[in-house]
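Below: one structure, written as C-alpha cells.
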Amino acid sequence: MTETFYEVLRRQGITRRSFLKFCSLTASSLGLSAAAIPEIARALETKPRTPVLWLHGLECTCCSESFIRSAHPLTRDVVLSMLSLDYDDTLMAAAGDRAEAIIETVKEKYKGNYIVAVEGNPPLNEDGMFCIQGGRPFVEKLKETCADARAVIAWGSCASYGCVQAARPNPTRATPIKKIITNKPVIHVPGCPPIAEVMTGVVTYMLTFERIPELDRQGRPRMFYGQRIHDKCYRRGHFDAGQFVEQWDDDPARMGFCLYKMGCKGPTTYNACSSMRWNGGISWPVQSGHGCLGCSEDGFWDKGSFYDRVTGIHQFGIEASADEVGGAIAVGTGAAIAAHAAITALSRLRHSEPQNEKQGENA
Ligand code: SF4
Ligand code: SF4
C-alpha cells in the first residue's frame, strides 16, 4: 500500500507538532487563511504521497542551492523529506545505474501520478551532445521521464525560458522545457534562481491539493508572480517623488533613492522579491543597492544592458487613479510615467521625468 505524506514525514522523524506547524506555515506562505490549515493537514494525512523526480539539464544548480536554503528549517526538512525518497541528481545518495533505475520504478508504479521537476534545459544542437547523462543526451532522458508524469515543474529561468545558455546566438540550441514537453502541463517557476519559499510553496501546493496553481500568461503561478516588483518596492516613494540615483556613488544612492535611472527593471518584472524578500526576508537586490535585472521575465538576458532604463511600461499596478490617467494618456512609457507622476509628485517630476530624458538622450 502507498504511504501517505504524513506517514512518510513521521517515518522521517517529524513530530505531529512540527507537522501541524508546517501546515500553518504552508497556509501563510500560500496566502491562504487559517481556515485552510485543517484542509492542508487532512490532505497530507490522507493522500498517498506523490513522487517527485527532479532532473538537471544545462544549468548551474543555483535553483537547488536556493531551494535547500528555504528560510524556515521546518519547511526545508519537510519538503526535502517528501522529495528525497525518489530522484534528484544532486541531492540523492544513490548514484549510477541504481539511481537511474529509480526513475523506471517510479514511472512504472506511479504511472500518470508523479511530478517531474526540471532544473535547466536540454541543448538540442549536435544531437543533444552538449548535455550527456548516463551516456545519452539529456533531452532523451527528459522526454522519457515526463512521458507518464501528471505535470512538470520548470524550475528557474533556464527551464522556463532558456536563460543565459540560450543567449544569442545560442550555440548549443538550449531549449525551454515547454518546447520539448508539449503534452503535459508545464508550470514555470522562473528566477535566476527563484526564491526558496516560492519553490517550496509551489511544490507543496501541488502535492497537497493535487492541482495546478492558477497561472499567468507566462505559465507562472499567480500567487507568487502576480505582482510587479515596482508596486511593492520600498523605494517606490522616491520614484513617485522623482528622486533618482544618477551614479552608483552619489548622495541619492547613499540616501536609498529609486534605481530606475540605473537600469532597475522592477517596473516590468513580476516576482515576489519586494514582498517576500530573500534569505528569510532579510534583504533583496534593490535593498542591497542594485536594480532588479528582471530575471523572472522571458528573454531578460538578451534585452540589452542591465543598466539601460526600462522602456515600454504600460501598466500601473495598484493605484486605480493612476491606472485611469495612465490609460487615458498612455502613448508610451514617457506619457505613462508622466501621468502617474502628475498625480503623485507634480513639481519634482516635471524636472526629472525619466523617459523624457531618455528620449532626449536618444534624440
Ligand atoms: S524602479 Fe526599481 S528601485 Fe525604483 S521603485 Fe521601482 S522597483 Fe524600486
Ligand atoms: S530583484 Fe529582480 S533580478 Fe533580482 S531576483 Fe528578484 S526578479 Fe530577479
Side-chain angles (χ1 to χ4, degrees), residues 60 62-63 65-67 69 155-158 160-161 163-164 188-199 216 218 220-221 224-246 248 250 252-279 281-319 322 333-334 336-337 340-341 344-345 348-349 352-355 357-358:
C60 70
C62 75
C63 299
E65 291 286 345
S66 177
F67 186 81
R69 278 161 186 73
W155 287 141
S157 295
C158 303
S160 301
Y161 309 133
C163 206
V164 290
H188 288 163
V189 185
C192 195
I195 301 171
E197 289 73 24
V198 169
M199 298 176 76
D216 69 7
Q218 283 195 37
R220 306 173 292 196
F224 295 116
Y225 294 90
Q227 197 145 34
R228 277 193 312 173
I229 297 274
H230 189 57
D231 292 330
K232 288 280 184 179
C233 179
Y234 76 104
R235 298 192 189 214
R236 176 62 181 266
H238 294 299
F239 177 92
D240 291 346
Q243 297 170 325
F244 298 103
V245 175
E246 306 273 352
W248 292 116
D250 63 7
R254 278 184 276 278
M255 289 189 284
F257 284 8
C258 172
L259 295 161
Y260 174 81
K261 291 188 177 180
M262 304 306 287
C264 180
K265 306 294 185 290
T268 51
T269 302
Y270 288 76
N271 202 342
C273 304
S274 53
S275 49
M276 293 179 84
R277 306 188 181 200
W278 283 78
N279 300 319
I282 291 172
S283 187
W284 63 296
V286 165
Q287 195 172 336
S288 306
H290 196 284
C292 167
L293 305 182
C295 78
S296 54
E297 297 296 324
D298 193 1
F300 81 93
W301 57 90
D302 263 343
K303 289 182 179 165
S305 168
F306 289 149
Y307 302 100
D308 282 346
R309 288 176 214 174
V310 176
T311 56
I313 306 169
H314 299 299
Q315 293 156 298
F316 273 108
I318 54 180
E319 297 89 347
T333 307
I337 290 179
H340 184 207
T344 53
R348 294 203 63 161
L349 204 51
S352 53
E353 198 286 299
Q355 181 56 27
E357 286 187 9
K358 177 79 176 168

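Atoms within each ligand, like the ligands themselves, are counted from 1 in listed order.
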Exercise for the section: Considering only NZ, NE, NH1 and NH2 on the basic side and carboxylate oxygens on the acidic side, decide whether Asp240 and Arg236 come within less than 4.0 Å. Expected result: yes
Problem - Charged N-O contact under 4.0 Å between Lys265 and Glu297 - result: no
Using a 4.0 Å cutoff against the non-hydrogen atoms of [X], which atoms of ligand 1 qualify?
{"X": "Arg236", "value": "5 (S)"}
{"X": "Pro267", "value": "1 (S)"}
{"X": "Arg235", "value": "5 (S)"}
{"X": "His230", "value": "1 (S), 5 (S), 6 (Fe), 7 (S)"}

Looking at [atom], what's its closest protein heavy atom, distance included?
{"atom": "atom 8 (Fe) of ligand 1", "result": "Cys233 SG, 2.3 Å"}
{"atom": "atom 2 (Fe) of ligand 1", "result": "Cys264 SG, 2.3 Å"}
{"atom": "atom 4 (Fe) of ligand 1", "result": "Cys258 SG, 2.4 Å"}

Practice task
Look at the side chain of Ser66 and the backbone N and O of Pro194, then say whether any donor-acceptor pair between them is shorter than 3.5 Å.
Solution key: yes
Problem - Expected output: side-chain Arg228 to main-chain Thr269 donor-acceptor under 3.5 Å - result: no
What is the minimum heavy-atom distance between [X] and [Y], and which atoms define it?
{"X": "Ser274", "Y": "Ile229", "result": "OG-O, 2.9 Å"}
{"X": "Val189", "Y": "Met199", "result": "CG1-CG, 4.5 Å"}
{"X": "Tyr260", "Y": "Val310", "result": "OH-O, 3.0 Å"}
{"X": "Ser157", "Y": "Cys295", "result": "OG-O, 2.6 Å"}

Exercise for the section: Can you figure out which of Val310, Leu259, Val245, Asp231 has its heavy atom closest to atom 3 (S) of ligand 1? Expected result: Leu259
Practice task
Decide, counting backbone as well as side-chain atoms, whether His238 has an N, O or S atom less than 2.8 Å from atom 8 (Fe) of ligand 1.
Solution key: no
Practice task
Just do the ring pair (Phe, Tyr, Trp, His ring centres under 6.0 Å) check on Phe244 and His238 with the steps written out, would you?
Solution key: CA-CA 7 Å; Phe244 298 103; His238 294 299; 9.4 Å; no
Exercise for the section: Using a 4.0 Å heavy-atom cut-off, say whether Ser274 meets ligand 1 through its side chain, its backbone, both or neither. Expected result: neither
Practice task
Let me see the working for Tyr225 and His188 under ring pair (Phe, Tyr, Trp, His ring centres under 6.0 Å), right down to the final yes or no.
Solution key: CA-CA 10 Å; Tyr225 294 90; His188 288 163; 9.8 Å; no
Problem - Chi angles and distances behind the ring pair (Phe, Tyr, Trp, His ring centres under 6.0 Å) call for Phe306, His290 - result: CA-CA 10 Å; Phe306 289 149; His290 196 284; 8.1 Å; no
Exercise for the section: Output, by chain and residue number, all protein N/O/S atoms separated from atom 2 (Fe) of ligand 2 by less than 2.8 Å. Expected result: Cys292 SG
